[in-house]
Amino acid sequence: MDKRIAIITGAAKGIGKAIAERMVNENYTTILVDVDNENGEKLANDLGANARFISCDISNENGVTALFDAVKNEFGSVDVIVNNAGIIRDNVIWKMPVEDFDKVVDINLKGTWLMCKVAGTLMREQQSGRIVNIASRAWLGNRGQSNYSASKAGVVGLTRVLALELGKYGVLVNAIAPGLIDTPLTQKLPENVQEKLIEAQPTKSMGQPEDIANAVAFLCDSNTQFITGQTIYVDGGKSIGAGL
Ligand SMILES: NC(=O)c1ccc[n+]([C@@H]2O[C@H](COP(=O)([O-])OP(=O)(O)OC[C@H]3O[C@@H](n4cnc5c(N)ncnc54)[C@H](O)[C@@H]3O)[C@@H](O)[C@H]2O)c1
């Protein structure tokens, strides 16, 4: 097979959708993975013959194994994995139920780890591959996100370790830390909260899902060879300075 294969998790909407669209445009056979079957199927149909939807909960080990078995059987190899699926369950710690910690860590961190474990094993055998993990600028700390920030800090640590473990096998592993991006996830925030968040941005604007897709395309480009273990901020400058 000379066609490159990319797997994108959380691809049914938001940032994952923009990444899937971009990878199809970059001529990858693109596997869209999500638990949102309706939107995932529809998007894959809209994207045409180079896109395929596979339903999978990334926090379920058997599901992840079955996903890779299916992809390996059909395509033989995997060139790119973008671990983008993620959720929020925000609250200050004194009001946060343990279930909301577990759920967020289960999907954002354990799910990403499971995908990396299976993909990393396969890519090590292939002696090639790119893994891009979508973290968040929030790993630096956000009030009300003790679960989410911890999960994304875990994703940054995971990325750094895998860069060390997989580098000599030709596998590059990087993270992207998006800031405030206009997606169904942020559109759920009350309007006054959205306005405050935009005001706190150096650029006074939200990013678009395509801004993240651009960074993914750069990290997966065959001309990009010597970057690994890094976290690239795509956040309108929000990670710089202390706020005011
Ligand atoms: N939107 C932002 O401002 C922002 C900022 C920083 C980081 N991020 C991160 O970017 C990623 C995408 O965010 P988004 O804003 O597009 O979110 P979104 O809610 O719009 O889309 C997330 C997708 O992930 C899917 N998903 C959720 N749980 C899943 C699971 N267990 N298995 C498979 N798929 C699952 C959802 O069904 C959904 O389609 C997330 O990891 C998020 O934490 C987003």
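In what follows, residues are counted from 1 in the order of the sequence shown. When a ligand or atom number is given, it counts from 1 through the structure's own listing order.
The side chain to side chain donor-acceptor pair (under 3.5 Å) pairs that include a residue from residues 214-224 are R22-N214, D221-N223, where partners are two or more places apart or lie in different chains.
Among protein residues, G10, A12, K13, G14, I15, D34, V35, D36, C56, D57, I58, N84, A85, G86, I87, I107, I134, A135, S136, Y148, K152, P178, G179, L180, I181, T183, P184, L185, T186 come within 4.0 Å of ligand 1, judged on heavy atoms.
Taking the side chain as every heavy atom from C-beta outward, N45 and F53 never approach each other to under 4.5 Å. For the pair V71 and I54, the minimum side-chain heavy-atom distance is below 4.5 Å. Side-chain contact between L219 and R130: absent, with no pair of heavy atoms (C-beta onward) separated by less than 4.5 Å.
In terms of the side-chain hydrogen bond (donor to acceptor under 3.5 Å, both in side chains) criterion, residue partners of D57 (sequence neighbours excluded) are, by chain and number, S59. Scored by the side-chain hydrogen bond (donor to acceptor under 3.5 Å, both in side chains) test, K204 finds E199 as partners (sequence neighbours excluded).
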